[in-house]
Amino acid sequence: MTLTREYAQQLDKEDDLQSFRDEFYVQEDVVYLDGNSLGLLSKRAEKSLLSILESWKKYGIDGWTSGEYPWFYLSETLGSKMAPLVGAKPNEVIVSGSTTVNMHQLVSTFYQPEGKKTKILADELNFPSDIYVLQSQLKLKGYDPSEHLIRVKSLDGNTLCEDDIIEQMTDEVALIVLPSVLYRSGQILNMKRLTEEAHKRNILIGFDLCHSIGSIPHALDEWDVDFAFWCTYKHLNGGPGSVAALYVNEKHFGKTPGLAGWFSSHKEKQFDMEHTLTPALDAGAYQIGTPHILSVAPLIGSLEIFEEAGIEKIRKKSLQLTQFMIDLIKQELNEYGFTFGNPLEDEKRGGHIFLEHQEAARICKALKDAGVIPDFRAPNGIRLAPVALYNTFEEVWRTVQILKDIMKNEQYKKYENKREVVA
Ligand SMILES: *Cc1c(COP(=O)(O)O)cnc(C)c1O
C-alpha cells in the first residue's frame with residue numbers, strides 16, 4: 001500500500017484527539033516536531049499564567065493563601081494532578097525544582113553507601129546532567145566516580161540491553177538511576193522488570209522520566225519504583241524552564257531529605273520558624289526553597305489538557321504517528337542513506353524517531369529553513385517528535401516529502417555540517 005496525503009488526511013479525520021490542536025499556538029506553515037525538547041504553548045497554559053500574574057497584582061503577599069490558586073499549596077495541588085500521569089498516589093508527587101536539582105535531592109537522600117555496597121549503577125547513554133549529578137554526589141560522599149560509578153555499555157551506541165543492566169546489579173551496588181526513555185534513541189526501558197531485579201538484590205532504583213512524562217503511561221506504584229523525577233517543559237508543555245517534579249514511593253515517606261530547606265517542612269509547622277526541621281510526611285519533604293510560582297503557573301492549564309485527553313489515548317496516537325513516520329521514511333527515503341536509531345517495536349519506542357545520517361547537522365538546518373523544526377543530536381542524529389496533542393498525520397506526510405526534496409536536490413549542501421550553540 002502506498003502512503004499518500006489522502007491517507008494521512010483520512011487518519012486525521014479519524015483522530016479523536018484532533019480537537020486539542022486548536023488549544024495550542026501552532027503556526028500553520030511550520031511543522032513543529034520538537035515537542036520533546038520544548039512543548040508548544042497552549043492557550044490554557046497562557047491563561048493560567050496570566051491568572052497567577054493577576055493574583056500578584058491583586059493580592060500582593062496574600063496571594064500565598066488567597067485567589068483561585070493559592071501559591072502556598074500550588075506545588076502539592078499540581079503534584080496530585082500530575083500523579084495519574086506516573087501511576088502514583090496524589091501525595092507521592094510534588095512539583096518542585098528542576099530535573100537536575102531534584103535528582104541531586106533524591107540521590108543525596110537515597111544513596112546511602114554502607115560496607116561493600118558503595119557503587120551507583122547508571123548507563124553510558126544518559127543525558128550528561130544526570131551523569132554529572134551522580135559524579136558529584138559520589139565525590140560529596142568521598143568516593144571516586146571513576147571507580148564507583150558504573151555506566152552500562154551500549155552495544156550499538158543507541159540502545160541498552162536490559163540483561164546487561166541486570167548483570168551489573170552486583171552486591172556492590174547501592175543505587176541505580178536510569179532513564180525511562182533514552183533521550184537520543186527514544187528507547188523505552190522496561191521499568192517494571194528492572195525494578196523487580198533491583199529489589200531482588202536489595203538495591204534501590206529511581207528513574208528519570210524527562211522523555212516519557214506526558215508521552216507514555218507509567219505505573220510507578222504498581223512497579224514499586226523507589227523514586228523518579230522529570231521536567232515539565234518537554235511533553236508536558238509547561239514552558240521554558242517550567243518547574244519540574246519528583247515522585248517518592250510512600251514506603252519511603254519519612255526518609256530525611258538529603259538537601260533540606262524550609263519548604264521541606266510540614267506545612268503547618270513551616271511558619272513556626274524553628275531551627276529544627278519537621279519535614280512533611282509525604283513527597284513534599286523533598287522540596288527545598290520557595291517555589292518558582294511564575295514558572296509553575298502554566299502547568300495549571302497544561303495539566304488540565306492531559307486530564308481531558310487521557311494519557312492512554314495520547315500514547316495510542318503517538319504510536320500511530322511514529323509508526324506512520326517510520327513507514328513513510330521507508331517508502332520515500334530508502335535511497336538516501338538514513339538509518340533508524342530508534343527501536344521499531346511499539347513497546348520499546350517512545351515518542352520520537354531518531355534518524356541517523358552523516359550529514360545530519362546540515363540536513364536539520366535545511367529542514368528548519370523549509371519550515372520543519374527537528375532537533376539535531378551530535379554527532380549524526382535527527383530527532384523528530386510528532387506530538388499527539390498538536391501534530392497531525394498530514395504534517396508527518398509533509399515532513400517526509402520535504403526531507404525527500406532536500407535529499408533529492410541536495411539542498412543541505414548549502415549549509416555547513418556543524419551544530420548551532422543550542423541544537
Ligand atoms: C531534559 C533533560 C534534563 C534537563 O534537566 P534540567 O535540570 O531541566 O536542565 C535532564 N536529564 C534528562 C534525561 C533530560 O531529558
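Count residues from 1 along the sequence. As a basis for the values below, the full set of heavy atoms in this structure was taken, side chains included, without hydrogen atoms, waters or symmetry mates. Computed from a prediction, not measured in an experiment: that's the story for all the values here.
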Kindly determine whether Ile326 and Leu328 satisfy side-chain contact (heavy atoms from CB on, under 4.5 Å), including the steps that lead there.
CA-CA 5 Å; Ile326 290 169; Leu328 268 169; over 6 Å; no
So His266 and Thr278, side chain to side chain donor-acceptor pair (under 3.5 Å) or not? Walk me through it.
CA-CA 6 Å; His266 193 289; Thr278 308; over 6 Å; no
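In this structure, the ring of His252 has its center less than 6.0 angstrom from the ring center of Phe110.
Panel note: side chain Lys234, backbone Ile213; no donor-acceptor pair is recorded below 3.5 Å. Between the Gln331 side chain and the Thr2 main chain, no donor and acceptor come within less than 3.5 Å of each other.
One distance of note links CZ of Arg151 with CG of Leu160; it measures 12.5 Å at 0.5 Å rounding.
Ion pairing between a basic and an acidic side chain is recognised when a charged N comes within 4.0 Å of a carboxylate O; Lys89 and Asp221 show such pairing.
Residues Asn237 and Ser42 have side chains that never bring a donor and an acceptor to within less than 3.5 angstrom of each other. A donor and an acceptor atom, one from each side chain of His218 and Ser180, are nowhere located under 3.5 Å apart. Donor-acceptor pairing under 3.5 Å is recorded for the side chains of Thr232 and Ser242. In summary, the side chains of Gln10 and Glu6 do not present any donor paired with an acceptor at a separation below 3.5 Å, with no hydrogens or angles considered. Residues Asn102 and Tyr247 bring no donor and acceptor atom of their side chains to less than 3.5 Å of each other. Residues Gln323 and Asp327 bring a donor and an acceptor atom of their side chains to less than 3.5 Å of each other.
In this pair, Tyr183 and Phe127 present their aromatic rings perpendicular. The plane angle is above 60°, beyond the 30 to 60° band.
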